[in-house]
Enquirer: 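Submitted below is the structure of interest, expressed as structure tokens.
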Amino acid sequence: MHTKTFVAVAAGLGLVGVTALTGCGSTDAKGSADSRTVTLVSHDSWAVSKNVLKDFEKKSGYKVRVLKDGDAGQAVNKAILTKDNPQGDVLFGVDNTLLSRALDNGLFQPYRAKGLAGVGAAYQLDQAKHRVTPVDYGDICVNYDKAYFSKHKLTPPQSYADLAKPAYKNLLVTENAATSSPGLGFLLGSAARFGDQGWPDYWKKLKANGVKVVDGWEQAYYQDFSGSSEGKKAGGDRPLVVSYASSPPAEVIYAKKRPSTAPTGVATGTCFRQIEFAGLLSHAKNTKGGKAFVDFLLSKEFQQDMPLNMFVYPVVQGAAVPADFTKYGPAAAHPATLAPGKIAANRDQWVKSWTSLVLK
């Protein structure tokens, strides 16, 4: 769904990440050093065109500093640990699978962003209090290697249930639900599909059918998946991978020689909707600048810049999406979803049960 220009089409790689500072202004790690600097804390997959960011800086008078803090889960956990003396002013990248953890820990202060009226209610999961602002959405889905299925004259799977069938034995690689955002999303999708009581039996079937579990998206997609350009080089032998609906267009756009069709496809019945948010941190040192930056994230300029930078869909109505993006990676028509309260009440126990069931 997101990229370091598709080095990470996911907001969630494994929880091990490299902290990096980019952009302009001071590099003091404890928030903005002065009132003209805004510090954004984000997962590693944050990306924006230089001209778009410079335009915001010119119009607003603020310099933007970006602190990349690993996977979305790692960034949120670190923000919670440092919430009384935050590293920055705004946190971007908390998604609906982790939202309750952030809100329950008082990570954000309320702010109703300018432009929020143009965002559909389905994305506003904290509509009553406005502690977070929806910025983008995408779908976690199983991707398949078209060449493999053509060669073996096998129909690609299209549903969760298909993945447990003997025809697909030893073909799927997924990410650890305890360490990876897409891995967690796939678990939540299965819970939405099979219910509280049914998902453990489903995972027992997947385990018996040879599902492979790795720590993060990067390993799954770039090493084990036979359909990605990097996976081919690495000798990946799994033609099914948990990734994103937006992965196929990235394979086309970043190919050295552009193919006429995407080499990978999406099992549309395996998709789980992921919504990403930004929020003004509770003890932000530059509250005014942080608010201006959150407003910027809902501007049409930024929203239309996102798809080919982070491989996500804009939440603002009327924001244009590139033709290549919609042609090769349309959003799922009927993705699985779970209410934030449902995720909050069950996520930790489900992950614990999943770990015991699948990894032991």
Side-chain angles (χ1 to χ4, degrees), residues 1-13 45 47 136-160 162-163 167-168 171-175 181-182 185-186 189 217-274 304-314 320-336:
M1 184 169 75
H2 309 275
T3 75
K4 288 182 283 188
T5 325
F6 196 51
V7 167
V9 164
L13 308 183
S45 303
D136 64 71
Y137 74 94
D139 297 311
I140 296 168
C141 312
V142 169
N143 284 206
Y144 59 85
D145 178 356
K146 290 181 179 179
Y148 175 92
F149 286 94
S150 176
K151 178 181 178 180
H152 290 82
K153 296 181 171 58
L154 181 62
T155 301
Q158 287 301 317
S159 67
Y160 288 99
D162 283 350
L163 296 170
Y168 307 108
L171 301 187
L172 174 65
V173 58
T174 188
E175 301 84 2
S181 295
F186 188 56
W217 176 87
E218 194 164 40
Q219 181 181 347
Y221 195 83
Y222 282 137
Q223 295 182 33
D224 293 297
F225 180 46
S226 62
S228 70
S229 57
E230 294 299 319
K232 285 183 173 65
K233 294 176 185 177
D237 60 0
R238 295 267 166 161
L240 297 172
V241 64
V242 173
S243 191
Y244 288 86
S246 54
S247 298
E251 289 293 337
V252 173
I253 292 165
Y254 292 114
K256 290 183 178 179
K257 184 178 180 181
R258 187 183 177 100
S260 58
T261 60
T264 59
V266 170
T268 56
T270 65
C271 297
F272 179 80
R273 178 59 49 86
Q274 188 177 49
Q304 294 185 163
D305 184 62
M306 280 195 310
L308 291 179
N309 276 300
M310 294 193 285
F311 282 76
V312 289
Y313 271 89
V321 177
D324 281 345
F325 193 84
T326 54
K327 178 179 180 180
Y328 300 111
H334 304 288

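Since we're looking at a predicted model, the values are computed, not measured.
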Enquirer: Under 3.5 Å, side chain of K146 to main-chain N/O of A262, donor-acceptor pair present?
Expert: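 Yes: the side chain of K146 pairs with the backbone of A262.
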Enquirer: With rounding to the nearest 0.5 angstrom, report the CG to CD distance, N309 to Q304.
Expert: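 With rounding to 0.5 Å, CG (N309) is 13.0 Å from CD (Q304).
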Enquirer: When rounded to the nearest 0.5 angstrom, what is the spacing between OG in S246 and CZ in F325?
Expert: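 Rounded to the nearest 0.5 Å, the OG-CZ separation comes to 5.0 Å.
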Enquirer: Is the shortest side-chain heavy-atom distance between F186 and E175 below 4.5 Å?
Expert: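 Answer no - side chains too far apart.
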Enquirer: What do the steps show when you test L171 against H152 for side-chain contact (heavy atoms from CB on, under 4.5 Å), and what is the final call?
Expert: CA-CA 12 Å; L171 301 187; H152 290 82; over 6 Å; no
Enquirer: Hey, what do you get for CG (D224) to CD (Q219), rounding to the nearest 0.5 Å?
Expert: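 That separation rounds to 5.5 Å.
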Enquirer: Quick one: pull up CD in Q274 and OH in Y137 and give me the separation to the nearest 0.5 Å.
Expert: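 Answer for the CD-OH pair, Q274 versus Y137, is 13.0 Å.
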Enquirer: Does the side chain of Q158 reach to within under 4.5 Å of the side chain of T268, using non-hydrogen atoms?
Expert: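 Yes. Closest side-chain heavy atoms under 4.5 Å.
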Enquirer: Can you sort out the partners of A332 under side-chain contact (heavy atoms from CB on, under 4.5 Å), two or more places apart, ordered by chain and number?
Expert: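 A332: side-chain contact (heavy atoms from CB on, under 4.5 Å) contacts with D139, C271, P335.
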Enquirer: Give every donor-acceptor pair under 3.5 Å between a side-chain atom in residues 226-239 and any protein atom, sequence neighbours left out.
Expert:
from	atom 1	to	atom 2	distance (Å)
S226	OG	D145	OD2	2.7
S228	OG	Y221	O	2.7
S228	OG	G231	N	2.8
K232	NZ	S226	O	3.4
K232	NZ	G227	O	3.1
R238	NE	N170	O	3.4
R238	NH1	N170	O	3.4
R238	NH1	L172	O	2.9
R238	NH1	G210	O	2.7

Enquirer: Hey, are the side chains of V242 and V173 touching, using non-hydrogen atoms and a 4.5 Å cut-off?
Expert: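 Not in contact.
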Enquirer: May I ask you to check whether Y222 and W217 place their ring centers less than 6.0 Å from one another?
Expert: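 Judged by ring-centre distance (under 6.0 Å), Y222 and W217 do meet the cut-off.
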Enquirer: Any side-chain heavy atom of L240 sitting closer than 4.5 Å to one from F149?
Expert: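 They are in side-chain contact.
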Enquirer: Can you name the closest pair of heavy atoms from Y160 and G189 and give their distance?
Expert: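 In this case the closest contact between Y160 and G189 is OH-CA, 3.3 Å.
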Enquirer: List the atom of L163, the atom of Y168, and the distance in Å for their closest heavy-atom pair.
Expert: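 Looking at all heavy atoms of both residues, the shortest contact is O-CB, 4.2 Å.
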Enquirer: Got a second to check how far D162's CG is from T270's OG1, nearest 0.5 Å?
Expert: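 So the CG of D162 and the OG1 of T270 are separated by 9.5 Å.
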Enquirer: Please name the pair of heavy atoms, one in P248 and one in N143, separated by the smallest distance, quoted to 0.1 Å.
Expert: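 Closest approach of P248 to N143, heavy atoms only: CD-OD1, 3.6 Å.
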Enquirer: Quick one: are F311 and I253 in side-chain contact, heavy atoms under 4.5 Å?
Expert: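 Sidechains of I253 and F311: in contact.
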Enquirer: Could you tell me which non-hydrogen atom of C141 sits nearest to which non-hydrogen atom of A245, and how far apart they are?
Expert: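 Scanning both residues completely, I find the closest heavy atoms to be SG-CB, 3.9 Å.
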Enquirer: Considering all heavy atoms of both residues, which atom of Y144 and which atom of V266 are nearest to each other, and what is their separation?
Expert: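 Scanning both residues, the minimum pair turns out to be CE2-N, 3.5 Å.
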Enquirer: Any side-chain heavy atom of D136 sitting closer than 4.5 Å to one from P314?
Expert: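 Sidechains of P314 and D136: no contact.
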Enquirer: Hey, what do you get for OG1 (T261) to CD (E251), rounding to the nearest 0.5 Å?
Expert: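 Answer for the OG1-CD pair, T261 versus E251, is 12.0 Å.
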